[in-house]
Amino acid sequence: MDERYDPKKIEPKWREEWEQCDLYRTREDPGRPKFYGLEMFPYPSGDGLSVGHLHNYVPCDVIGRYKRMAGFNVLHAMGWDAFGLPAENDAILKKLHPKQTVPRYAANFKRQLKLVGCAYDWSREINSSSPEYYKWTQWFFLLLYKRGLAYRALGSQWWCEKCRTILANEQVVNGCCWRHEDTPVSKKDLEQWFFKITAYADRLLSDLELVDWPEPIKLMQRNWIGRSEGAEIAFAVAGHPGKEVRFFTTRPDTVFGVSFMVLAPEHPLVAQITSPERRAEVEAYVAQARRQSDIERLSTVKEKTGVFTGAYAHNPFSGKDVPIWIADYVLMGYGTGAIMAAPGEDQRDFEFARKYGLEIPIVTAPADGSTAPTDRAFTEHGIAVNSGFLNGMRTAAAIAAVCQYVEQHGIGKATVSYRIRDWLISRQRYWGCPIPIVYCPKDGIVAVPDDQLPVTLPDMTDYQPSGTGRSPLANVPEFVNTTCPTCGGPAERETDTLDGFACSSWYFLRFASPHYDRGPFEPQAGNYWLPVDLYVGGAEHAVMHLLYARMWTKVMYDAGLINFVEPFPVLRNQGMIWAADGQKMSKSKGNVVTPDAMVEKYGADALRLWELFMGPFEEATNWNEEGVVGTARYLARVWNLVRRFVEAGCPEGRPAVETLRRAHKTVATVTDHVERMRFNTALAALMDQLNYLQRLTPAEQGRFAIESYVLMLAAMAPFVCEEFWRELGHTGSIHLESWPRFDTELTRDETLTVVVQVNGKVRDRLEVPADAGEAAVREMALRSAAVARHLDGKSPRKVIYVPGKLVSIVA
RNA sequence: GCGAGAGUGGCGGAACGGCAGACGCGCCGGACUUAGGAUCCGGUGCCGCAAGGCGUGGGGGUUCAAGUCCCCCCUCUCGCACCA
């Protein structure tokens, strides 16, 4: 072996060797259990990977390697989320076709991942923008369509001036476009495709119980789905026979206290019921509400505003006619776009009523008998008062009573409302998966038959958004003009493409059988490998991607395609790596550190180790290049350890009991920490053990200590450990070896250090045999000179003994 | 405003309610070397010459024992934004 550790001499050699012998090809040995580890597949950007991205890929690679060594068939593959706005925006910016840039960027990502030694089965590489892939994305669209889960609707949709396209509700951030945070969005009316995710709201909510996910992510999903129970009730509009205001309320028990109604300004009823003398004012308000940017409209610091329509609704409970107002604090997109205002029990209604001098009846009294406040709304549950037949009932009972009443009288029903809205999947964009639908003058909306898939994205040079609201595909007659699959007559293709989240809603299945051409996945392979055993990605996908993928999975389950209901039973989020300056790593800030530069300076293994060692996997931290110096130095020390051992002829050795114990303990610790993804402490245990072994001669170390050490390190530093393994006299790859085993008996200490405390302060330490009995240890503690000194002549009042740990003496 | 998470040496971070600061970086001292971002040995929370004392954002509490559990407050990060 060379005197010095030189990653440049060994890493390229093994990289090539592994490639040649296809070392990381997935094995399907029926005698072994399976493990499917998956990282959220990336959009291959032109900037390449940074060391921040590796904080996800390297730890997952370690888990994959560990599981493989621990006896699992491991599926670990990589692919590219290549369709979508980022690729199209990049193409427009650089004036290069995404068909050219995507493969180039993907190849660069792949090169970088290989550079740092990530073990993927590249024969399973997938690309969501390839026809072989998106054929099945289209197939899934049709599956949803056939199951009544895809529909067209005219909607007032968000429009971003910069993207020149429609945005989903989820893509509107603080009233601005998610990609252009300085560009307020406006509304545009277009006919769009939607997926009926609301039909799955309840299951998406309740099945969260089934998964092992970070609690904050589950919570975000629960809040996003936003289930609330209540009642939907209709009040007749006075003087407008047949017209009624339908509204949803979570507090039907406060219905006797309804002193006014509020409609969203966009509510269709507004135009119909506004009285002539109010019309001018109402129209002005509606116009300004529509014109307002959402930043202004959603601001909570803003005082509530509204105008009276001049119309009244009849409250059948109180018997009063109450005024109907419009206000922008009522949203058309939630519930029915109308509310009953119970200002005594709702703070927003209270503020509104106060401002406009509306009546504030009190219909709920505190259950403890105190008086309801008058300076704010009483929003808690209590006892119904001033409420006719509800008087004296507790809130829960009153809610049930009102629900029963409205159902009996045919004016409403108990119901559940969700915050989540249907998923808008139409994109008026070129670089996406074409929606496989044909419009026929005779047959209407016709699904493209399965055997005519894929509907191929045409080659075109001018794919700039038209700005008219239609996709650039509308400008390609060869694409648009087709024949109706049903009648054979002339027809037109849908020109919208699918939201990129559609592509990522099923890709995890494709890895099971990436080249299968008779379906999206080969059923046996799908049911063998799925669900994903460990899914890892950033917390930024907490709601959109993870909800959509869960929904598709449930649709597939309902269609009998798969036998599981949750695609990702175990989810972990890696922590964000900020640049050294604490900011986000970005090219524009000039603070990006690339793996290429780090590998060049310190080697891939040292970079990997620092990615693992810099902090807990799930926590954010700042990049610090100094750390890589440390891990490179550590590897040089391991190199010296192994070199001395090899030069001594790899002696079987006669390790002392203590040495054997340390070796077995290290295996136990590292195994446990890797299993729990505590890579930083796993590596710390290895460093600690190195410090110990370094002081021994090769014969004192013995073969087990050295080989088990190298085997464990191999999952983290694959290149140098492959070199070690061969130098240690083995012919095969270390990466096909088994994870070392430890003997629990051998990890047991012979003596323990017992701490002796007097009044909570450590005053002495005792070395006691591991099997010493309680009485003996207590006696030793009380005999201690240090203890006597601190007892100061007093006799102990109490002595607490924690076996093997401490004796606490209270004087 | 609501929700979630986090505050520990100069720095990254360790620590089933039981010796706070493992491991590493940095720094200090030494050894060996004619340059190599080398290696090895020792030291390194703060105050103190010492015995000893003080220390996990601040303040209370529970406990023989609190970084860890409970209450109040401060700061930072992330998520959500009037959800009827």
Side-chain angles (χ1 to χ4, degrees), chain A residues 3-5 173-175 214-220 222-224 226-228 230 247-251 254 262 264 294 297-302 304 327-331 333-342 345-349 351-352 417-420 539-540 542-543 576 578 582 601-602 609-610 613-616 618-634 636-637 640 678 680-691 694-695 753-765 796-802 804-811:
Chain A
E3 186 77 13
R4 286 188 47 230
Y5 167 55
V173 181
N174 290 331
E215 215 40 58
I217 302 288
K218 285 194 186 187
L219 192 73
M220 275 190 247
R222 287 193 188 104
N223 291 341
W224 192 265
R227 181 183 202 271
S228 44
F247 59 88
F248 174 75
T249 175
T250 54
R251 289 290 302 275
T254 62
V262 188
D294 265 33
R297 184 152 168 192
L298 294 177
S299 165
T300 43
V301 292
K302 193 193 71 170
K304 293 188 183 1
D328 57 13
Y329 80 91
V330 174
L331 309 173
Y334 182 76
T336 62
I339 61 162
M340 64 172 218
E345 286 73 31
D346 184 286
Q347 188 60 25
R348 293 154 306 182
D349 299 344
E351 287 165 23
F352 193 82
S417 185
Y418 297 93
R419 199 195 84 115
I420 192 172
E540 68 273 16
V543 277
M576 183 84 187
W578 307 101
K601 276 169 106 170
Y602 310 101
L609 291 190
W610 180 239
F613 191 61
M614 60 196 297
E618 305 203 24
E619 276 166 40
T621 191
N622 291 4
W623 176 254
N624 173 13
E625 190 177 323
E626 295 293 297
V628 194
V629 179
T631 52
R633 198 178 293 161
Y634 159 74
R637 285 202 295 270
N640 286 332
R678 307 292 300 267
N680 55 332
T681 50
L683 190 49
L686 284 171
M687 287 174 170
D688 211 17
Q689 172 69 347
L690 172 69
N691 292 340
Q694 255 182 171
R695 293 195 295 264
T753 305
V754 173
V755 170
V756 185
Q757 294 183 341
V758 177
N759 290 334
K761 286 193 190 298
V762 178
R763 297 304 184 185
D764 202 1
R765 293 183 172 80
R797 279 192 294 133
K798 194 171 170 187
V799 180
I800 292 135
Y801 175 64
V802 180
K805 286 264 173 65
L806 92 165
V807 178
S808 182
I809 300 167
V810 189

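The structure presented is a predicted model; accordingly, all values stated were derived computationally and were not measured.
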Any A/R227 side-chain nitrogen or oxygen under 4.0 Å from OP1 or OP2 of B/C83: no

Residue mapping more 5' on RNA chain B - nearest nucleotide basis, A/R765 or A/D349: A/R765

N or O in side chain of A/T753 less than 4.0 angstrom from B/C19 OP1/OP2: no

First encountered from the 5' end of RNA chain B, between A/T250 and A/E215: A/E215

Touch class at under 4.0 angstrom, heavy-atom based, for A/D688 against every strand present: sugar-phosphate

Pair pattern of RNA chain B in dot-bracket, where unpaired bases get dots and | marks partners in another strand, Watson-Crick or G-U under 3.5 angstrom: (((((((..(((.....[....)))((((((.......))))))(((....)))..(((((..]....))))))))))))....

Pi-cation contact, A/Y329 with A/K304 (under 6.0 Å, within 45°): yes

Exam field: side chain A/N223 to backbone A/G226, donor-acceptor pair closer than 3.5 Å: no

Atom C1', compared across B/G57 and B/G43: separation rounded to whole Å: 30 Å

Closest heavy-atom pair and its distance - A/F352, A/A327: CE1-CB, 3.7 Å

A/Q757 backbone acceptor or donor facing A/R763 side chain under 3.5 Å: no

Phosphate-side-chain proximity, A/K761 and B/C54, N/O vs OP1/OP2 below 4.0 Å: yes

Ring geometry between A/W610 and A/W623 (parallel below 30°, tilted from 30 to 60°, perpendicular above 60°): perpendicular

Which nucleotide in B/C64, B/G18, B/A4 has an atom nearest any side-chain atom of A/L806: B/G18

A/E215 with A/R222: basic N within carboxylate O range, under 4.0 Å: yes

Atom-pair distance (CZ on A/R797; P on B/A65), nearest Å: 10 Å

Side-chain N,O (A/R222) to OP1/OP2 (B/G3) below 4.0 Å: no

Touch class at under 4.0 angstrom, heavy-atom based, for A/S228 against every strand present: sugar-phosphate

Euclidean distance for P, B/U77 against B/G42 (whole angstrom): 42 Å

Euclidean distance for C1', B/G61 against B/A66 (whole angstrom): 11 Å

Atom P, compared across B/U44 and B/A50: separation rounded to whole Å: 13 Å

Touch class at under 4.0 angstrom, heavy-atom based, for A/L219 against every strand present: sugar-phosphate

Inter-nucleotide P distance (B/C23, B/C73), Å rounded: 40 Å

Listed partners of A/Y5 passing side chain to side chain donor-acceptor pair (under 3.5 Å), at least two apart: none

C1' atoms of B/C19 and B/G12, separation to the nearest Å: 24 Å

Between CD1 on residue A/I339 and OG1 on residue A/T250, distance to nearest 0.5 Å: 10.5 Å

Touch class at under 4.0 angstrom, heavy-atom based, for A/S808 against every strand present: base

Interatomic distance at C1', B/A14 relative to B/C64, whole Å: 26 Å

Sugar-phosphate only, base, or nothing, as touched by A/G630 at under 4.0 Å among non-hydrogen atoms: sugar-phosphate

Nearest-angstrom distance from the residue atom OH of A/Y334 to P of B/C83: 9 Å

So which protein nitrogen or oxygen atoms get under 3.5 Å of nucleotides 9-16 of chain B's nitrogens or oxygens?
from	atom 1	to	atom 2	distance (Å)
B/G12	O3'	A/T621	OG1	2.9
B/G12	O2'	A/M614	O	2.4
B/G13	OP1	A/T621	OG1	2.9
B/A14	OP1	A/N680	ND2	3.0
B/A15	OP1	A/R678	NH2	3.2
B/A15	OP2	A/R678	NH2	3.3
B/C16	N4	A/K805	NZ	2.7

Listed partners of A/T753 passing side chain to side chain donor-acceptor pair (under 3.5 Å), at least two apart: A/E767

Spacing between A/I809 atom CD1 and B/G18 atom P, to the nearest angstrom: 19 Å

P-based separation of B/A4 from B/G9 [nearest Å]: 26 Å

Spacing between A/R419 atom CZ and B/C2 atom P, to the nearest angstrom: 18 Å

Nearest-angstrom distance from the residue atom CG of A/L683 to C1' of B/G24: 9 Å

Residue pair A/Y334 / A/S417, side-chain heavy-atom distance below 4.5 Å: yes

Within-4.5 Å side-chain heavy-atom neighbours: A/T254 and A/M340: yes

A/V755 vs A/V807 side-chain heavy atoms within contact, under 4.5 Å: no

Please tabulate the protein-to-nucleotide N/O contacts below 3.5 Å involving nucleotides 35-45 of chain B, giving atom names and distances.
from	atom 1	to	atom 2	distance (Å)
B/C40	OP1	A/Q694	OE1	3.3

Interatomic distance where CD belongs to A/E351 and C1' belongs to B/A84 [whole Å]: 14 Å

Whole-Å distance separating the CD atom of A/E540 from the C1' atom of B/C78: 11 Å

For B/G9, glycosidic torsion class - syn if within 90° of 0, otherwise anti: syn

Heavy-atom check, side chain of A/I809 versus side chain of A/V756, under 4.5 Å: yes

Length of the line joining A/I420:CD1 and B/A84:C1', which is rounded to integer Å: 18 Å

Residue-phosphate contact under 4.0 Å: A/N223 side-chain N/O, B/A81 OP1/OP2: no

Of the listed nucleotides B/A84, B/C23, B/G18, the one nearest the side chain of A/N691: B/C23

Set of residues satisfying side-chain contact (heavy atoms from CB on, under 4.5 Å) with respect to A/R4, sequence neighbours excluded: none

